[in-house]
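Atoms considered below: every heavy atom in the structure, side chains included; atoms not considered: hydrogens, waters and symmetry mates. None of the values given here were measured: they were computed from a predicted structure.
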Protein chains: 2
Amino acid sequence: MTRIGIKEIAAKADVSTATVSYVLNGTRNVKHKTRERVLRVIEELNYKPNDIAKSLKSRRTNTIGVIAEDVTVFNVPEIIDGINDFADRHDMHILLTNLRLHKRIGHNFDQLDDYRKYAENAVNELLSKQVEGIIYIGAHPRDLTGLIDTAGKPIIYTYCYTQNDPSIQYNDEQASFEAMSHLASQGHTRIAIISGIMNSLPSRLRFNGYYKAITEFQLPFDPQLIKLGDWEAESGYRLTQELLALDERPTAIVAMNDVMAVGVLRAASEAGVTIPHDLSVVGFDNREFSSYLIPQITTMDLPLHEMGFQAMDSLMCIIRGETPDPANHLPACKLIERDSVAPPARVM
Amino acid sequence: MTRIGIKEIAAKADVSTATVSYVLNGTRNVKHKTRERVLRVIEELNYKPNDIAKSLKSRRTNTIGVIAEDVTVFNVPEIIDGINDFADRHDMHILLTNLRLHKRIGHNFDQLDDYRKYAENAVNELLSKQVEGIIYIGAHPRDLTGLIDTAGKPIIYTYCYTQNDPSIQYNDEQASFEAMSHLASQGHTRIAIISGIMNSLPSRLRFNGYYKAITEFQLPFDPQLIKLGDWEAESGYRLTQELLALDERPTAIVAMNDVMAVGVLRAASEAGVTIPHDLSVVGFDNREFSSYLIPQITTMDLPLHEMGFQAMDSLMCIIRGETPDPANHLPACKLIERDSVAPPARVM
DNA sequence: CTGTTAGCGCCTTCAG
DNA sequence: CTGAAGGCGCTAACAG
C-alpha cells in the first residue's frame with residue numbers, strides 16, 4: 001500500500017499539485033467544477049494529508065509540548081484536560097512528555113540536579129519535534145528557576161513557577177482567607193490550622209490568608225492553634241490529637257489539604273468528637289475522596305482546569321507575539337460546602 | 001534568530017552536509033579529526049536537529065498516537081504512565097488526544113454515534129501527523145467494534161476492546177475469584193456480592209469468578225446474597241441495607257468497585273455493624289481513597305501501569321511486523337490486604 | 001483561474 | 001573517507 005499523496009490525486013484529477021493544495025487549504029479561489037472534481041478524487045483515493053511535509057514547508061506544527069512532572073499526581077490530569085479544552089478549540093495538538101518523577105526519584109524534589117537531565121532531554125526532544133511552545137506542569141508548587149533552557153522557545157509554567165518565565169498558579173492566599181471567612185461567618189472564633197511543610201509556597205501563602213482573616217475578623221490569636229504538618233494524613237491525625245488535648249479546644253480546624261483532613265477525621269472519631277457538631281473541618285484540594293469520607297468534607301476546589309486552559313491561552317498569546325494578561329494568571333479557588341462545617345456548639 | 005541547520009554547520013566546519021549527517025547519526029565512519037571539528041561547531045552553534053525534516057525523509061516519526069477517552073477518569077493516567085514507561089525506554093514519543101468524553105457527553109456511553117465524530121477526527125489528525133500506531137484508552141470497559149477506522153495503521157485498545165483488533169484488558173474473572181478465595185480462606189461462607197451495572201463486561205466476568213468460587217469452595221449458594229448495583233456509592237449503601245436486613249446476614253461482602261464499598265461502609269456504620277469484626281468487605285480498583293477510608297479497605301489493584309506498558313509493547317511488535325504474544329494481554333489483578341477483612345465472628 | 005517550479009531540512013545512494 | 005545531488009510531500013511565489 002503505497003501512501004498516496006497530493007501528486008497522485010493531481011494526476012488522477014488532471015490538475016496540478018498546486019491546485020490540489022489550493023482546494024485543500026482554501027488558499028485561492030478554484031473554479032467550482034474543478035474543485036468538485038478534485039474533492040471527488042480525494043474522496044475516492046481516501047487521501048489523508050501529510051502534516052509532516054506541510055510543517056516542513058510552512059514552519060508551523062500546530063503542536064505544543066507539554067511536560068508533566070508526573071501524570072499520576074492528582075492535579076495533573078485536570079490541568080491537561082484544561083490544556084486540551086483550549087487546544088481543541090484552536091486546532092492545536094499536544095505532544096506529551098511524562099517525566100514520571102515520583103516513580104523515578106520519589107519525593108526528593110529538592111535535589112533538582114537529580115532530574116535536570118530528564119527535563120533537559122524532554123525539552124530537547126520537544127524542540128527537535130518543532131513544538132511551538134512548551135507548558136510545564138509541576139506535581140508540586142515550587143521554584144524551578146534555572147532548571148530549564150528552551151533556547152528561546154516560549155515556555156509557561158503551571159502549578160510551579162520560575163522567576164523569569166510566566167506561570168499560572170491559583171490564588172492560595174485568598175482561598176485560605178475564604179476558608180477562614182466561611183468559618184467565621186458560622187460563628188467560629190477559635191480556629192486552628194494545620195499546615196503543609198513550611199518550605200513550600202502554598203503553606204506560606206495559606207498562612208498569610210489565615211493571619212489576614214484573624215486580623216480582619218478580629219479573632220483571638222493563639223499560637224497553640226497553629227500546627228505544622230507535612231501534608232500527610234498521619235500528621236493531621238497527630239496534630240489534631242494535640243489540638244483536642246488543649247485546655248481550650250478549637251471549634252474548627254482548617255487542614256491545608258484533604259489528606260491531612262482525613263487524619264483530622266480519624267483523630268476526632270477516636271476521641272469521640274463529632275463532626276461537625278463538636279468540631280468543624282475544612283480541607284483543601286477538593287480531592288475526589290473528600291466526598292467519600294464520613295462526613296463528606298467541606299473543601300477548597302482548585303481551579304486546575306482553568307489553569308491548564310489559561311496556560312494554553314497565554315502561551316498562544318506569546319507565540320503570536322502578544323503579551324498575555326497577567327490578570328488571568330491567578331485564578332480563584334472555590335469553596336465546596338459539604339457536611340463538615342456547622343456553627344460551633346454552645347459552650348460546654 | 002534564523003534557525004540554524006545542517007547546512008550552516010557544514011559551512012562553518014568546512015565539510016559537506018552529508019558528512020555532518022554522518023557524524024550526527026553514526027551512519028558512516030568519519031575520520032576522527034573531522035568528526036571532532038563537526039562536533040565542536042555543533043556545540044558552538046547550539047544546533048538542534050529538526051525531526052520534522054528527518055521524518056519526512058525517513059518516513060519514521062517515532063511517535064505513536066494515544067487517544068484517551070478522558071484523562072480525568074481514574075484509570076487513564078496510570079495507563080498513560082505505563083505507555084510512557086515503555087516509550088521512554090524505546091525513544092518513542094506520545095501524541096496525546098483527549099476526547100474529554102465525560103465533559104462533552106456525560107455518561108451516555110451507549111450512544112456511540114454521539115462521539116463517533118470525535119473519535120474520527122482524533123484518528124484522522126493522528127494519521128496526518130504520521131503516527132506509527134495508535135493506542136486507544138477507554139474510560140469504561142466496553143465493545144467499540146466498528147467505531148474507528150485507522151486506514152490500516154495498527155491500533156490497539158486497552159480498558160476496552162473490539163472484536164477485530166488486539167486489546168489489553170485485565171483478568172477480571174480471576175480477580176473476582178481471588179477476592180472470594182481470600183474471603184473463603186478466612187472462613188467466610190455466606191459471601192454477598194454487589195455488582196456494577198449488568199450490561200458491562202466486568203460485572204459479568206466478576207460474577208463468573210464469584211460462581212466459580214462458590215462451586216470450587218462448595219459455598220452455599222443463596223440468590224439473596226446477589227445484589228445488582230450500578231457502580232455508585234448510593235447503590236452500595238442501599239443494597240447493603242437490604243443485605244443487613246436479611247434473616248441470615250452475610251459475613252462478608254464483595255463490592256465490585258471501591259465507590260460502592262464506600263456505600264457499604266456507610267450502611268454498616270449506620271446499622272452499628274463493625275467492620276471487619278461483624279462484616280468483612282472487599283472492594284475493587286484500589287482507588288486512592290480506599291486507604292483513606294475508616295477502616296482502610298482491602299481491595300483489588302488493577303494492573304493499569306502494566307496494561308499501558310503491554311499495549312505499547314504489543315503495538316511496537318505489530319509495527320515491526322511481528323505478532324505480539326497474547327499471553328501478555330490479560331495481566332492479573334493483585335489483592336491489597338488492608339483492614340476490612342477478618343475471619344467471621346462466632347455465630348450469634 | 002491554473003500550472004510551473006523552487007525550496008523547507010535532512011538522508012542517502014552514487015561517485016570520487 | 002568525503003562530496004554532490006536528488007527527493008521525501010507539500011506550499012507559495014511567479015507566470016501565464
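- Separating the CZ atom of A:R59 from the P atom of C:dG7 is a distance of 14 Å, rounded to the nearest angstrom.
- Note on B:K31: every side-chain N or O is 4.0 Å or more away from OP1 and OP2 of D:dC1.
- B:T34 comes within 4.0 angstrom of sugar-phosphate atoms only, judged by non-hydrogen atoms across all strands, and of no base.
- At whole-Å resolution of the value, CG in A:L56 and P in D:dT11 are 11 Å apart.
- The interatomic distance linking B:R60 (CZ) with C:dC10 (P) rounds to 19 Å, in whole Å.
- In this structure, CD1 of B:I9 is placed 11 Å from P of D:dG3, rounded to the nearest angstrom.
- In this structure, B:Y22 places its OH atom 14 Å from P of C:dA15, rounding to the nearest Å.
- Side-chain contact check for A:T97 versus A:E125: every heavy-atom pair is 4.5 Å or farther apart.
- Along DNA chain C, the nucleotide closest to B:I52 and the one closest to A:R28 are compared, and the more 5′ of them pairs with A:R28.
- For the pair A:K7 NZ and C:dT4 P, the interatomic distance rounds to 13 Å; values are reported in whole Å.
- B:D81 and B:H305 share a side-chain donor-acceptor pair at under 3.5 Å.
- Rounded to an integer number of Å, the gap from CG of A:D14 to P of C:dT2 is 12 Å.
- If you check the side chains of B:K103 and A:N84, you find no donor sitting under 3.5 Å from an acceptor.
- Distance A:I42 CD1 to D:dG9 P: 16 Å, rounded to the nearest Å.
- Using a 4.0 Å heavy-atom distance criterion, B:S58 is classed as making no nucleic acid contact.
- You'll find that the side chain of A:K54 is closest to D:dT11, out of D:dT11, C:dC11, D:dA12.
- Note on B:N50: every side-chain N or O is 4.0 Å or more away from OP1 and OP2 of C:dC8.
- When only modelled atom types and interatomic distance are considered, B:H102 and B:T72 share no side-chain donor-acceptor pair under 3.5 Å.
- Contacts of B:V20 with the nucleic acid, taken as non-hydrogen atoms under 4.0 Å apart, are absent.
- Within the 4.0 angstrom heavy-atom criterion, base atoms lie near B:K57.
- Taking five base pairs at each end of the helix from C:dC1-D:dG16 to C:dG16-D:dC1 and finding the rotation axis that steps the C1' atoms of four pairs onto the next four gives two axes whose angle is 40°, to the nearest 10°.
- Classified by interplanar angle (parallel below 30°, tilted 30° to 60°, perpendicular above 60°), the ring pair A:Y170/A:Y159 is tilted.
- Aromatic ring orientation, A:Y157 versus A:Y136: tilted (interplanar angle from 30° to 60°).
- The side chain of B:S16 places no N or O atom within less than 4.0 Å of a non-bridging phosphate oxygen (OP1 or OP2) of D:dA4.
- Distances shown here put a side-chain N or O of A:T19 below 4.0 Å from the OP1 or OP2 atom of C:dG3.
- Not a single donor-acceptor pair, N or O on each side, falls under 3.5 Å between the base of D:dG9 and the side chain of A:Y47.
- A side-chain donor-acceptor contact under 3.5 Å links A:K129 and B:T63.
- For the residue pair A:T145 and A:D143, a side-chain donor N or O sits within less than 3.5 Å of a side-chain acceptor on the partner.
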